[in-house]
Amino acid sequence: MLDFRNTNTVWGSILAETFGRLGLKTAVICPGSRSTPLAIAFAQTHNVEAIPILDERSAAFFALGVARQTGRPVVLVCTSGTAAANFYPAVIEARESRVPLIVLTADRPPELRDCHSGQTIDQVKLYGTYTNWYAELALPSLEIEMLAYLRQTLIYAWERSRYPVAGVVHLNIPFRDPLAPIPDTATEILRSQFNTQDFFSSIPSPITSYPLPIPSPDEWKQCDRGIIIAGLAQPQQLREYCGAIAQLAKTLKFPVLAEALSPVRNFADLNPYLISTYDLIVRNPQLAQQLQPKIVIQIGELPTSKDLRQWLSVTQPQRWIVDPCEHNLDPLHGKTIHLRTTVEQLAQSMEPKAPTPYLKSWCDAEARVRSACDRAMAEMEHLFEGKAAWLLSQTLPPETPLFIANSMPVRDMEFFWKPSNSNIRPFFNRGANGIDGTLSTALGVAHRHPSSVLLTGDLALLHDTNGFLINNKFIGHLTIILINNNGGGIFEMLPISQFDPPFEEFFATPQNIDFAQLCATYNVEHELIHSWEQLQQKLNPLPTTGIRVLELKTDRKFDAQWRKENLAKLAAIAM
């Protein structure tokens with residue numbers, strides 16, 4: 001049962017209850033003050049044996065022995081300070097002998113670190129490379145979104161202690177006073193609203209093995225309100241990957257919401273249920289409500305769309321995330337189950353079912369919004385930066401490798417990239433989503449490969465102009481489509497844009513660079529583009545050698561205002 005006496009007891013009891021439901025049987029607890037909420041929580045958790053042991057070094061090896069004998073993770077708890085250091089020898093042994101341990105080290109909150117507060121050391125990544133995974137939890141909070149974050153982080157921690165190989169997971173857990181279970185009326189609202197059964201419904205069964213087994217096809221086939229999200233992906237075998245997603249969609253009769261940073265939009269002939277305008281569709285409040293799914297199958301990482309993510313957060317469908325990697329791919333901390341497999345393996349053994357009205361609603365909305373979006377782009381004569389992505393989708397030669405820079409280019413791709421049968425292969429650096437290394441990465445993609453294209457903004461290109469030094473070793477061709485809006489266009493979309501100063505100088509950061517002169521310095525071809533017709537002529541066919549820059553000068557503020565006004569209008573057409 002959950003303990004609603006105060007914020008720390010809620011946090012601690014959800015932690016202990018989650019591990020208990022995952023299959024935890026043993027928690028070894030070392031005495032101490034800062035770990036009080038954890039000790040109390042495990043002491044009163046049903047079906048978990050809490051064993052107090054005084055000496056941390058001994059406690060750690062005892063926990064190691066239990067875990068080695070049972071093959072099941074054991075939780076090990078200590079207070080802040082050097083107590084955690086005494087776990088180190090057992091942590092090393094667990095790592096080397098592949099024994100599952102979950103080490104919970106209580107810690108002081110951030111404001112009590114590095115100020116000679118008592119019993120405080122640097123516990124961040126204390127065990128270095130000897131852990132399968134490390135995380136520092138957020139400070140305890142009563143917000144339901146934060147409690148969901150806690151639950152999903154613990155589910156992932158349990159999985160990482162067992163998969164891909166058994167080993168140590170270290171969670172550093174800060175607590176503020178009061179550490180004792182002193183009652184606080186602030187928890188009463190949460191108690192009245194909290195649905196325990198619903199909150200814990202997404203936790204996998206204790207007998208679950210890793211990687212998780214693929215659910216019964218009937219579980220998905222019986223659902224008449226499901227969607228597939230084809231997220232960020234750079235597969236090696238494009239047609240096989242897209243074909244597997246299409247096979248899954250045709251079997252389940254689920255629409256496929258396809259991110260532009262995935263090859264799926266470029267193999268449209270394979271998939272009759274392709275949805276490219278999902279960002280605009282879910283911006284329509286009425287339609288977003290009508291299209292709430294019961295099941296979501298997420299292939300790889302989530303798309304870039306903030307509106308899609310918000311919609312999923314609000315609707316809270318059951319999600320399955322399909323990806324063979326061991327990472328946690330759910331930044332929304334929803335009701336998710338990670339299937340550590342490939343979509344190619346997943347799509348092999350299912351038989352199709354009949355289409356549903358829900359599927360028709362998605363396809364009808366896609367047809368309306370896609371037509372309106374294409375019409376708006378076709379009629380646009382001025383150099384609006386979003387049209388570059390739309391034009392590329394229909395102009396580049398088939399199978400062209402296309403590298404997309406971060407910030408606005410990836411978002412314009414998602415908004416405007418039109419589905420086709422071009423088999424174009426998108427590349428991107430969305431691991432950390434930075435603008436550093438954009439040019440150099442694109443040159444690496446293009447080296448000794450078919451003529452390639454880079455779509456980038458001015459700041460991303462300027463951030464890596466030393467990449468042009470690769471020119472004398474580069475073999476092949478790269479066309480750089482430079483959207484020069486003299487600054488960071490992405491910041492125009494954020495609330496800070498309304499505050500100037502300091503917006504223009506410190507966020508937009510215009511550099512006022514003459515790119516013709518810059519390109520001349522590196523002996524790189526440069527051409528200023530004045531019309532869409534001129535750009536089209538330069539893109540098909542592409543040259544076979546060298547590096548060239550095709551520069552489009554755009555109006556950053558005008559383009560931001562166009563998006564604000566017209567994306568809303570396009571969303572309204574979805575009904």
For this session: State, without any angle test, whether Ser117 and Arg108 hold a side-chain donor-acceptor pair at a distance under 3.5 Å.
Result: yes
Problem set entry | Side-chain ion pair, Arg265 and Glu259, N-O less than 4.0 Å | no
Exercise. Salt bridge or not for Glu136 and Lys125, using N-O below 4.0 Å?
Worked result: no
Problem set entry | OG1 on Thr153 to CH2 on Trp158, rounded to 0.5 Å | 16.0 Å
Problem set entry | Interatomic spacing from SG in Cys363 to NZ in Lys360 - rounded to 0.5 Å | 9.0 Å
Exercise. Is any side-chain heavy atom of Val91 closer than 4.5 Å to a side-chain heavy atom of Val103?
Worked result: yes
Problem set entry | Stepwise side chain to side chain donor-acceptor pair (under 3.5 Å) check, Gln247 with Thr251 | CA-CA 6 Å; Gln247 176 63 34; Thr251 298; 3.2 Å; yes
Exercise. Under 6.0 Å from the CZ atom of Arg430, do we count more than 12 heavy atoms belonging to anything else shown?
Worked result: yes
Exercise. Going through the checks in order, is the side chain to side chain donor-acceptor pair (under 3.5 Å) test met by Ser361 and Gln290?
Worked result: CA-CA 9 Å; Ser361 295; Gln290 292 178 10; over 6 Å; no
Problem set entry | Minimum-distance pair of heavy atoms, taken over all atoms of Pro164 and Arg160 | CD-NE, 4.3 Å
Exercise. So, do Val256 and Ile275 sit near enough that their side-chain heavy atoms are less than 4.5 Å apart?
Worked result: no
Exercise. Side chain to side chain contact (heavy atoms under 4.5 Å, CB included) between Ile144 and Tyr149: does it pass, once the steps are laid out?
Worked result: CA-CA 9 Å; Ile144 193 66; Tyr149 143 80; over 6 Å; no
For this session: Could you tell me whether a side-chain N or O of Ser161 sits under 3.5 Å from a main-chain N or O of Pro100, the two making a donor and an acceptor?
Result: no
Exercise. Between Gln310 and Ser313, is any side-chain donor less than 3.5 angstrom from a side-chain acceptor?
Worked result: no
Problem set entry | Leu274 vs Glu366, side chain to side chain contact (heavy atoms under 4.5 Å, CB included): CA-CA, chis, key distance, verdict | CA-CA 8 Å; Leu274 190 61; Glu366 163 73 6; 5.9 Å; no
For this session: Flag the pair Tyr127 / Tyr88 as yes when their ring centroid distance falls below 6.0 Å, and as no otherwise.
Result: yes
Problem set entry | Steps toward side chain to side chain contact (heavy atoms under 4.5 Å, CB included) verdict (Val410, Glu414) | CA-CA 6 Å; Val410 297; Glu414 188 167 35; over 6 Å; no
Exercise. Knowing that exactly one of Tyr358, Tyr278, Tyr273 qualifies, which makes a side chain to side chain contact (heavy atoms under 4.5 Å, CB included) with Ile227?
Worked result: Tyr358
Exercise. Salt bridge or not for Arg319 and Asp330, using N-O below 4.0 Å?
Worked result: yes
Problem set entry | Carboxylate-amine/guanidinium proximity below 4.0 Å for Arg239 and Glu344 | no
For this session: Return yes when atom CG of Asp198 has more than 12 non-hydrogen atoms of other residues, nucleotides or ligands closer than 6.0 Å, and no otherwise.
Result: yes
Exercise. Between His338 and Tyr156, what is the ring plane arrangement, given parallel below 30°, perpendicular above 60°, and tilted in between?
Worked result: tilted
For this session: Would you please say whether a donor-acceptor pair under 3.5 Å links the side chains of Trp133 and Asn328?
Result: no
Problem set entry | Note, Leu112 side chain near Thr120 side chain (heavy atom, < 4.5 Å) | no
Exercise. Would you find a donor on one side and an acceptor on the other, under 3.5 Å apart, between the side chain of Asn172 and the backbone of Leu104?
Worked result: no
Exercise. Quick check: does any side chain N or O of Lys294 sit under 3.5 Å from a backbone N or O of Arg225, one acting as donor and the other as acceptor?
Worked result: no
For this session: Report the C-alpha distance between Leu147 and Leu190 in whole Å, list the side-chain angles of each, state the deciding distance to 0.1 Å, and finish with yes or no for side chain to side chain contact (heavy atoms under 4.5 Å, CB included).
Result: CA-CA 11 Å; Leu147 299 179; Leu190 177 67; 3.8 Å; yes
For this session: Give a yes/no verdict on a cation-pi contact between Arg151 and Phe199, requiring under 6.0 Å between NZ or CZ and the six-membered ring centre and an angle within 45° of the axis.
Result: yes
For this session: Identify the two heavy atoms, one from Ser141 and one from Met146, that lie closest to each other, and give their separation to 0.1 Å.
Result: OG-CG, 3.8 Å
Exercise. Which atoms form the tightest heavy-atom contact between Val264 and Ala258, and what is the distance?
Worked result: CG1-CB, 3.7 Å
Problem set entry | Between CG on residue Asp107 and CD1 on residue Ile173, distance to nearest 0.5 Å | 10.0 Å
Problem set entry | Donor on one side chain, acceptor on other, Gln289 and Gln292, under 3.5 Å | yes
For this session: Check the side chains of Thr105 and His170 for a donor-acceptor pair under 3.5 angstrom, ignoring hydrogens and angles.
Result: yes
Exercise. Taking atom CZ of Phe427 as the centre, does the number of heavy atoms from other residues, nucleotides or ligands within less than 6.0 Å exceed 12?
Worked result: yes
Seminar exercise, completed: Separation between CD1 (Ile490) and CG (Asn406), nearest 0.5 Å, reads 9.5 Å
Problem set entry | Reported CD-to-CD1 distance for the pair Glu17 and Ile14, which is rounded to 0.5 angstrom | 9.5 Å
For this session: May I have the step-by-step check of salt bridge (charged side-chain N to carboxylate O under 4.0 Å, His left out) for Asp279 and Lys306, ending in yes or no?
Result: CA-CA 8 Å; Asp279 179 275; Lys306 183 180 292 186; over 6 Å; no
Exercise. Tell me, do Phe254 and Trp362 make a side-chain contact under 4.5 Å, heavy atoms counted?
Worked result: no
For this session: Kindly give the heavy-atom pair with the smallest separation between Ser262 and Ala230, and that separation in Å.
Result: CB-O, 4.2 Å
Problem set entry | Salt bridge flag under 4.0 Å for residues Lys253 and Asp224 | no
Exercise. Where do Glu188 and Thr185 land on the side chain to side chain donor-acceptor pair (under 3.5 Å) test, with the steps shown first?
Worked result: CA-CA 5 Å; Glu188 292 305 312; Thr185 57; over 6 Å; no
Problem set entry | Separation between CD of Glu143 and CG of Leu150, rounded to the nearest 0.5 Å | 13.0 Å
Exercise. Going through the checks in order, is the salt bridge (charged side-chain N to carboxylate O under 4.0 Å, His left out) test met by Arg68 and Glu93?
Worked result: CA-CA 11 Å; Arg68 188 190 295 277; Glu93 176 58 31; 3.3 Å; yes
Exercise. Are the charged groups of Asp122 and Arg113 less than 4.0 angstrom apart, N to O?
Worked result: no
For this session: Of all the heavy-atom pairs spanning Pro419 and Ala268, show the shortest one and how long it is.
Result: CB-CB, 4.2 Å
Exercise. Any ion pair linking Arg5 and Asp3 (charged N to carboxylate O, less than 4.0 Å)?
Worked result: yes
Seminar exercise, completed: Arg72 and Lys25 have their tightest heavy-atom pair at NH1-CG, 3.4 Å
